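Contents: one structure, followed by commentary.
Both backbone and side-chain heavy atoms feed into the values below; hydrogens, waters and symmetry mates do not. Bear in mind the structure is a predicted one, so any value in this text is a computation, not a measurement. Residue numbers begin at 1 in each chain, while the letters A, B, ... track the order of the sequences.
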Amino acid sequence: MSEEVDQGAANRRKRRRRRRRKGEGVEGAAGAPAAANGGAESSKEGPGVNALAHRGNSRRRRRRGRRTAPIPGLNRRRRLTREELEDLESYFDRLDDKLLGSLYKSLGGQPGRVGEHGRMVQLAVRAIAQGKRITSLVKSLHTKERSALAVLIQCGGLAHSEELLRELHTALGGNEREWTKILIALADRGLVFASNEQDGQFFYLVPEPLVEFLLEPLEEELKVSTFADDEIRVNNPRPFCPPLDFSITTLCTYIAQRPPRLTQQQEIFKTNKQEMDEFFAQLWESDSELFHFHIDFLVAHGLVELRGDRLAVIREVVEEWLQLDPQDQRDLIFRALDHRFKYAEWLMWAIHSGKGEWVGERPLQALYRRWSRGDDWRARFQKEEYAATRSHERESWSFAPLVNCGMLELGEWGQEKFYRITPRALAMLEPPETDGFTQFYLTPSFEIMAPAGLAPKLLFYIGEIAELTGCDRANTYKITEVTVEQAIEKGWRRDGVLDFLRENSQIGLPENVEQTLKGWMGRNSDVEFHDCTLLTVHKSRIRKVEAARELRPYLLHRFVPGMYAVDRSKLPEIYTLLSELDLCPAKDITSYPGDPQQGSLRQRLHELLAWAREASEDPLARAHAADTPPEDLQPVPGSGTARRKRKKKKLETERVTGAQAREALDRAIATGGKVEVLYLKKGGERVKYQLQPRRLALNATGDQVVVATNLETEDLRTFKISNIERISSQGR
Amino acid sequence: MHVRPDNPVIVQGDGKVLLETRHARYESARDFIARFAELEASPEHLHTYRITSLSLWNAASSGMARDEVVDGLRDLSKFDIPKNVLESVTETIERYGLVQLVPHPERPAELIRLVFSTAFVAKVASNTAVAKELLVPDGKRHWAIPQGHRGIFKQRMLAEGWPIEDLAGFVPGAPLAIQLRSKMKKSGGDFGVRPYQVQAASRWWMEGRPSGGHGVVVLPCGAGKTIVALEAMRLAQTKVLILATNAAAVEQWVSEILDKTELRPDQVGAYMGSRKEIKPVTVATYQILTYRRSRNAEFEHLHVFSDEDWGLIIYDEVHLLPAPVFGATAELQGRRRLGLTATLIREDGRQGDVFSLVGPKRYDLPWQVLERGGFIAEASCHEVRVPFRPHDAVRYEELGEQDKFKSASTNPNKMGAIRELVAKHLDDNILIIGTYVDQLHHISRAFRAPLITGKTPHLKRVELFRQFREGEINLLVVSKVANFSIDLPDANVAIQVSGTFGSRQEEAQRLGRILRPSKKNAGAHFYTVVTRDTKEQEFALKRQLFLTEQGYRYYIEDAA
């Protein structure tokens, strides 16, 4: 039977996921089971009854969407989907006739008049799907019956027979015989069933598909009572309770900038610890649980590790942490809290169902006891250990770990203790849409003030550029030459720093800061080389790749959307993952240069292009320009301006074509010789140069040039070959 | 933790208060915070105040209660107020006035009676070391102090965390009729006291009650602190002793008094090195008062304090008050006192002494408000970076650390940049300010402009200042002597060619030279010429930080 229950639950989970993907709105409210009324299931899960009931039942972790205001139950009613109806039918179809008959009867049916099992299943499902029928059934129950059913549901819908009776006796008074009768009455109504019996011991069970429908009618019984009184004294109130991501990121920055030293016992050195305590005095007290929680969290998640004898921040991991979805970040934090206190998240949700009111310690302990016992009973049920134990009889719990971790506030009223969640915990349970702070303040005096509530990513990046000088409601940072140098060492680029400050500063980037930063950073890293394997994605698939969480760990760096650096050694895994994501990676890796021979051929093509361009020029015009330098022009004999005939100076060398010049240069390069050239400059002037050619190349416009040292000025520059009119070798 | 991002203020755990200046509620928030917190930095867009014991006692002395501070802060703050700040505000403010000094009903000439708010306070306060030393029993139920111990008692009790409310009153001083003119004597132009000056004086005077008549008025350079003093003199109608920083300032005071009050020249005297006159209104320098022939000798001129029956003592630039004058002031607690300053920050940290001996802060107004009102000139600061000539750069690298700064400061290449700046401001009145006299001589020769250094005779200085004021010359080269209290009303451009760059005061004072609004209304420009990539540029960063913290726009330019 339990397998069937699990199977049904699994099917429902699948359906929920499917709906989530489709983006169906889901809601829930404190003290109101969502799906009970056929309404949308709760995506916020945590609050009130819903969370409590489901916690022990399947421990399934559903993703919570954005919380909305509770909607009246009637508005949430909807018809069950065909799939859901089929699930219910399938479940009840496998139920014994008598058991089904009792449920059907209590829902207002007349089993005696329905001959067929299948027909009864159909009618029972229809009755449940109506919602109202099951609500009427629960409402018609006696108060004690409702209480017993609520306790059973709080235990996870499964409880050891004898121990449940003791629990009911402890929590609600009465005697065990009375409670036995009540449970029998519930069984007669088809709401409670039993497992096999061993030596007179068995387990009470509430059919899993029914649980969701029972939550709303049992709202009152399941609700944790709240208390309000102005006289409640708050123990050690801390007015500054920033979100955990703020304190975690700030601590990361602190450790990155002032790595604390550890003793051989892996404890922080006393002086370092004192400095840290002083620095974080606004966040936590010296040696507080909250501080240890932060450090443990950082170490456990690899954000910080021991290097040598000091703690060091692992930047890549921190960046990855910052890139995580806020919900995922919170999941990690909740799990870390669970290590300190079991069911921490559920407890916080339960207290939060009081909507900020105080919740008494005793009802909270009773609830917690039922969760714990429910888990224990389930484990024993699965192991088929039916014998009763008394081990948990006097168990009591202290919620001090959560108080010390800054998640709960403890209040006292006379001898009574009460709890309520802190703003820190509230930010985890109901993350606000925005904290109102999206930008920091950058003053012209190089100070940055970053208020708590700013995105952790921004906080961390500020810490990479500037020195953290104070942790408070607004963290203060100071930009100095040293911090800027360190940022550059970490891989920041000049424009990156300036753009970051400009875009995220509420008041822009003050001119004097910009000028000074430019002076400090120089022009380093304007151009960078990367040695990596690139993964590029067709533009139509970028969104899919970016949304794929599974792929994220493999994308080491995102240059732009659609272009990522990946680890070469992880390519097989990436291939598999891409295929799973329905993405088709290319079989081969494109290399640059692909083939060395291709590279030279490409070069050759460009050379040919240069020659072709050269040839496209009018040779006659070129020749004429070369043959008619003004200094060589003479008056026409016989003209009025005729003077004494000047003997034409014989040219030392003949005018050369581009090809001839190239040949001569090639020779000179090969032998390391020098050449003398007559070079036509841009303005038409002709200049003689003594050159030592180094190599032939192409310039930005695709013209062939010779890279040569001008022997007169000793500088290296390029000369267009097409502008060389005469060339003569000068030996070595 | 409730977050109200729309509010303009963040109160930090260390008592810092950050205020957004672009916020719609900025002005009301500023006026409110300035009453109980000291403005620490006022860069554009975000001002920083600090709540200190002194600032809270200043607030308490002006009648501000704990609830007013806390409720106001809660209303303005984005986050909840830190617990320790709340505790500190409560404890500090409530301490003020727990012990009061009141006139002795029977022996007012000899004793001052102490009034404790509760018996518990009486027990605790009278058990302090100071009280044990200075208190004398006054009958069976009361305690008193001798008249002469009034100042020292307040000073030492403050050091122990007991701010004393002084209601013992003042001696009236010898009467002197002082009236302000409606037209200035020299120029014949209209003269009127500005509203904020009237307000500052009346807040100090407090209608002549014993709780008033002592305290400090904080106004930026160029805002007319002298006029506030003249208004205070008019209110007091008594003989006045004014203490100023140097001889030039004394001359300036005398000139202002004669120009703007009905007092005759024979009623106003100067007491300094060159002449020593004691008249109904006497202006003396701190230097002359603290002069002594040797370290162990007595101060020869402290008798000035007792030569006349002064009814009011005015301390100009009170943040510079020398320690011996504090000593004398401690003995003059029976006289009304007015401190004038642009900043309460003292390099020696003796703000507490100013509070207990001169009095609490009575009035403070940020310069931005005055700039907006057109009472001081709108200023912009420019850093002009000049390279070394190649051979100078080589020589610079070879120099020792000590000489590098001087070498960079006196870089001959700066002349080009100075020329350009002077040419750019041909129609303006320009001060070229420097530290190195050789360099200043060179500049003076190059521009054929008069030079004023420490060696320039006093009369010549006065004459040059007059010429500058009256427009006969519009370029003046001055050394450090111009840092304090020289009123050059028409200077609107300052070119700083070299400086010590370490002192916040020096920067503020040099900038203050050009903040007085000019007739041309051309705005004030403060240029600093520095040599690029040298120690001087490193020091210039400190100045940049200071000036930007003060809220001035700062531009960095490269000389062509």
Side-chain angles (χ1 to χ4, degrees), chain A residues 236-243 246 278 280-283 406 422-424 426-427 432 434-454 469-476 478-481 505-508 510-520 522, chain B residues 1-7 9-23 40-48 74 77-86 380-383 385 532-533 537-538 540-558:
Chain A
N236 195 15
R238 293 197 73 81
F240 184 46
C241 241
F246 171 81
E278 205 175 310
F280 290 103
Q282 291 297 320
L283 287 184
T422 59
R424 181 182 284 118
L426 183 64
T434 166
D435 287 328
F437 302 108
T438 52
Q439 291 179 308
F440 50 78
Y441 305 92
L442 167 60
T443 67
S445 49
F446 297 84
E447 268 193 319
I448 294 178
M449 320 278 180
L454 200 67
T469 53
C471 172
D472 212 315
R473 278 109 190 117
N475 276 358
T476 48
K478 186 92 182 166
I479 303 176
T480 65
E481 193 168 0
S505 159
Q506 207 176 81
I507 47 188
E511 197 181 304
N512 66 310
V513 176
E514 183 174 348
Q515 290 296 332
T516 307
L517 289 182
K518 279 180 180 171
W520 285 343
Chain B
M1 186 185 70
H2 301 292
V3 182
R4 296 167 293 271
D6 296 335
N7 280 351
V9 164
I10 297 174
V11 184
Q12 302 274 56
D14 58 358
K16 262 190 190 173
V17 181
L18 311 176
L19 171 62
E20 284 177 21
T21 59
R22 282 185 177 181
H23 199 278
E40 214 172 49
S42 54
E44 280 183 295
H45 314 298
L46 195 71
H47 288 185
T48 307
R74 280 196 177 128
S77 179
K78 290 178 192 285
F79 297 95
D80 289 343
I81 312 297
K83 192 176 144 192
N84 58 319
V85 173
L86 287 179
S380 61
C381 304
H382 305 256
E383 180 178 315
R385 292 181 179 170
R532 192 187 301 150
D533 302 327
Q537 189 180 315
E538 286 173 27
L541 180 64
K542 288 181 187 170
R543 184 192 53 251
Q544 184 187 148
L545 289 178
F546 171 71
L547 291 175
T548 51
E549 276 180 6
Q550 296 303 306
Y552 295 104
R553 291 204 138 227
Y554 197 91
Y555 303 92
I556 298 171
E557 295 157 14
D558 280 317

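- Across B:Val11 and A:Arg473, no two heavy atoms sit closer than the pair O-CD, 3.1 Å.
- A distance of 5.0 Å separates CG of B:Leu541 from CH2 of A:Trp520, quoted to the nearest 0.5 Å.
- Residue contact with chain B, scored on non-hydrogen atoms closer than 4.5 Å, involves the side chain of A:Thr476 exclusively.
- Classified by interplanar angle (parallel below 30°, tilted 30° to 60°, perpendicular above 60°), the ring pair B:Phe79/A:Phe240 is perpendicular.
- Rounding to the nearest 0.5 Å places OG1 of A:Thr443 at 10.5 Å from NE2 of B:His47.
- Note on A:Thr516, A:Ile507, A:Thr422: by heavy-atom pairs under 4.5 Å with chain B, the leading option is A:Ile507.
- In this structure B:Glu538 satisfies the side-chain contact (heavy atoms from CB on, under 4.5 Å) test together with B:Lys535, sequence neighbours excluded.
- Note: B:Lys83 leads B:Gln537, B:Arg553, B:Arg532, B:Lys83 in heavy-atom pairs under 4.5 Å with chain A.
- Using a 4.5 Å cut-off between heavy atoms, B:Glu20 contacts chain A through its side chain alone, with no backbone atom that close.
- Put simply, the side chain of B:Thr548 does not reach to within 4.5 Å of the side chain of A:Pro510, judged on heavy atoms.
- Interatomic distance, CD of A:Gln515 versus CD of B:Gln544, reported as 9.5 Å (0.5 Å rounding).
- Interatomic distance, CE of A:Met449 versus CG of B:Leu46, reported as 5.0 Å (0.5 Å rounding).
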Mind running side chain to side chain contact (heavy atoms under 4.5 Å, CB included) on B:Leu18 and A:Tyr441 for me, showing each step along the way?
CA-CA 10 Å; B:Leu18 311 176; A:Tyr441 305 92; over 6 Å; no
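- Within the 4.5 Å cutoff, the side chain of B:Asn84 has heavy atoms near those of the A:Gln282 side chain.
- Both the backbone and the side chain of A:Gln506 have a heavy atom closer than 4.5 Å to some heavy atom of chain B.
- Of the possible polar contacts, one joining the B:Gln12 side chain to the A:Ala474 backbone as a donor-acceptor pair under 3.5 Å is found.
- Only the side chain of B:Arg22 comes within contact range of chain A, judged by heavy atoms closer than 4.5 Å.
- The NZ atom of A:Lys478 sits 5.0 Å away from atom CG of B:Leu545, with the distance rounded to the nearest 0.5 Å.
- Of the residues considered (B:Ser77, B:Pro43, B:Pro82), B:Pro82 shows the highest number of contacts with chain A, using heavy-atom pairs under 4.5 Å.
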